[in-house]
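First the structure, in the form of C-alpha cells, and then the observations on it.
The structure presented is a predicted model; accordingly, all values stated were derived computationally and were not measured. Because only heavy atoms are used, hydrogens play no part in the values below, and waters and symmetry mates are left out as well, while side chains stay in.
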Amino acid sequence: MDYRIEKGSNKLRFGGRIIYRDEEAVLGYNGSFMEFLMEGTDAALRIRTGDNAIVNEPGLRIYVDNKPYKDMVISKMDGRYSVVSGLEAGKHLVRIVKITEAAMSFVAFSLLEIENAAGKPGTLLDIDTLYIKDTRKKALFIGDSITCGFGVLGEPVSEYTIRDEDSELSYAGVLTQKENLNSEWVSVSGYGVFVEYTGDPENILPKVFPYTNYFYDKELREDYSRFQPDIVIVNLGTNDSGPLMADKNVLYGFKSRYESFLYTLRMAYKEAAIVCVLGTLAPGVYKYVQEVIDKVQAQGFEKIYGLELPEHDVKNDGMAAEHPSKITHEKDADRIAAFLKKEGLL
C-alpha cells in the first residue's frame, strides 16, 4: 500500500523543524525524524536530497520498535530506499532519524510503501494513540559542531567527512536518552554568535535561527509556537573564541550579539529556562558569557542560568576529528544533567 506524505496526518509523526511542501517532508537539522506505526513486514520510502559531495551525503538511523535497526547513507539525489524488510508479521513502530546536520544536506521524504510478505497489502495505523499524553520534558539544543556531534565517530585527527558525525552520540543526544527528553536541535558546524571560526561575521547562528531551515529555504520563518521547550540549552561561543581573543572588537560584538540572542530566545520561548554552557573547546571564554548573564539578570531577565564546562581532557579521554570524544560527550551530558537537577529543572 502506498501513502503520500501529509502534514497533520494521524498516521505519521514528525519531530524537529520540518518543511512540508509538494507532498514532501523535508528534514534538515540533526535529530529531526519521521515515525509511523505499520502493520506489515516491509517498508520503503522515496527520498530526495541535493547534489551533495560524497563527504556530505546525509545519514539516517532507523529504529524498529524503539530498537536500533540500521543506519543509511543517502547517496542518490532521488531514489527508492528500503527502510525495513523481512520483519515478523504484525505491528511495528518505525522511526527514521536524521543524524547529520542541515547545513550540509537535507532529506525529503515522499512516497511511503508498506508491504506484507504474506501477499496482503501492508497498512499504516493511527499513531496518535501512542502519544495521547506525552509528559516528557521538552529540550531545545542550540549550538555548533559540538552539539551536532561532529567528529564523534572519527579518528583523533582525520580529514573532513560528515560520516564522522552522529548527533545521537553528542552530549545533547546522550542527555536526551538518559533523561528521556523530547528534544530538538538547531545546531550548525563552524557557526558562532558574532563570527564563525574564520572570523567571518556572515555565518552565525542568530541569523539562521528564526528560519525553519535557512539552508533549504531562506524565507520560511519558524513558528515558535509549534515546539515550546521547557529548557533551552545554548552551547555557543566556541567558534567565536579564537577571533575574540585576537580582536577586542570581536569580543565586544560577541557580548552584544549574545545578549540580543538571549532576548530573541526569551521572546520566542517565554516560559523556558535558558541554560548557557561553554568550555569544552573554548577554555577561558565562558567568563564573557557569564558577564552577559549577569547583565541581563540585572535587567530583570528571569530563568537564565550559566554552566562552565571543563576543557576536554585529550590525554585521558581522547579526541575525535579534533573534536570532543564520545567519552567527553558522555561526561558533559552527565555534568549538564547534574546541574539541571540541582537547579530543579529536571
Side-chain angles (χ1 to χ4, degrees), residues 17 29 102-103 138-148 172 184-215 217-279 281-282 284-309 345:
R17 294 186 170 194
Y29 285 108
K138 293 181 179 179
L140 174 62
F141 294 94
I142 302 173
D144 49 42
S145 58
I146 299 174
T147 303
C148 291
E184 292 194 0
W185 276 250
V186 179
S187 53
V188 187
S189 291
Y191 277 37
V193 176
F194 184 66
V195 295
E196 68 167 14
Y197 70 100
T198 66
D200 186 348
E202 179 67 20
N203 298 327
I204 56 174
L205 211 294
K207 183 179 82 172
V208 305
F209 183 80
Y211 299 88
T212 301
N213 181 351
Y214 180 84
F215 307 98
D217 186 328
K218 293 178 172 56
E219 295 184 0
L220 183 63
R221 294 272 180 158
E222 172 67 1
D223 175 9
Y224 296 132
S225 67
R226 177 194 59 80
F227 183 83
Q228 283 284 314
D230 300 294
I231 306 166
V232 177
I233 296 178
V234 183
N235 190 350
L236 288 171
T238 297
N239 290 306
D240 304 86
S241 63
L244 71 79
M245 289 295 193
D247 188 339
K248 286 188 176 180
N249 291 318
V250 176
L251 173 58
Y252 300 148
F254 170 79
K255 291 193 288 185
S256 177
R257 187 61 60 81
Y258 202 110
E259 179 182 351
S260 66
F261 188 51
L262 288 179
Y263 279 102
T264 296
L265 294 176
R266 176 52 73 228
M267 292 299 292
Y269 310 118
K270 297 186 185 300
E271 301 302 320
I274 299 174
V275 183
C276 306
V277 303
L278 188 64
L281 291 183
V285 178
Y286 173 79
K287 59 187 177 185
Y288 303 120
V289 172
Q290 188 62 54
E291 286 180 18
V292 176
I293 293 173
D294 293 341
K295 181 180 178 181
V296 300
Q297 282 180 325
Q299 295 168 348
F301 200 116
E302 298 179 343
K303 299 176 74 173
I304 177 81
Y305 305 82
L307 172 64
E308 182 175 13
L309 297 171
L345 302 177

Nearest heavy atoms of [X] and [Y], plus distance in Å:
X      : Y      : result
Val292 : Lys255 : CG2-O, 3.7 Å
Pro210 : Pro206 : CD-O, 3.4 Å
Gly237 : Asp144 : N-OD2, 4.4 Å
Thr212 : Glu222 : OG1-OE1, 3.2 Å
Cys148 : Ser187 : SG-OG, 3.2 Å

Say you draw a straight line from [atom1] of [X] to [atom2] of [Y]; how long is it, rounded to the nearest 0.5 Å?
X      : Y      : atom1 : atom2 : answer
Leu265 : Ser260 : CG    : OG    : 9.5 Å
Lys295 : Leu262 : NZ    : CG    : 11.0 Å
Ile204 : Glu202 : CD1   : CD    : 8.0 Å
Lys218 : Asn213 : NZ    : CG    : 9.0 Å
Ser145 : Asn239 : OG    : CG    : 6.0 Å
Tyr286 : Cys276 : OH    : SG    : 7.5 Å

**Prompt:** For the ring pair Tyr288 and Tyr258, is the centre-to-centre distance below 6.0 Å?
**Reply:** no
**Request:** State yes or no: are the ring centers of Tyr263 and Phe301 separated by less than 6.0 Å?
**Result:** yes
Heavy-atom side-chain contact between [X] and [Y] under 4.5 Å:
X      : Y      : value
Leu278 : Val285 : yes
Tyr305 : Leu345 : yes
Glu184 : Tyr29  : no

**Item:** Sole candidate of Phe209, Tyr191, Phe194 that passes ring pair (Phe, Tyr, Trp, His ring centres under 6.0 Å) when paired with Phe261
**Value:** Phe209
**Prompt:** Got more than 12 heavy atoms from elsewhere within 6.0 Å of CD, Gln299?
**Reply:** yes
Keeping the roles fixed (side chain from [X], backbone from [Y]), state whether a donor-acceptor pair exists under 3.5 Å.
X      : Y      : value
Ser256 : Gly253 : no
Asp240 : Val193 : yes
Arg266 : Ala272 : yes
Lys303 : Glu271 : yes
Arg17  : Tyr211 : yes

**Message:** Which residue is it: Leu205, Thr147, Ile274? I am looking for the one with a side-chain contact (heavy atoms from CB on, under 4.5 Å) to Ile142.
**Reply:** Leu205
**Item:** Evaluation steps, salt bridge (charged side-chain N to carboxylate O under 4.0 Å, His left out), between Lys287 and Glu308
**Value:** CA-CA 8 Å; Lys287 59 187 177 185; Glu308 182 175 13; over 6 Å; no
Just distance, no hydrogens or angles: give the donor-acceptor pairs under 3.5 Å from side chains in residues 228-236, sequence neighbours left out.
residue: Gln228; atom: NE2; partner: Tyr224; partner atom: O; Å: 3.0
residue: Gln228; atom: NE2; partner: Ala268; partner atom: O; Å: 2.9
residue: Asp230; atom: OD2; partner: Lys138; partner atom: N; Å: 2.7
residue: Asn235; atom: ND2; partner: Tyr171; partner atom: OH; Å: 3.4

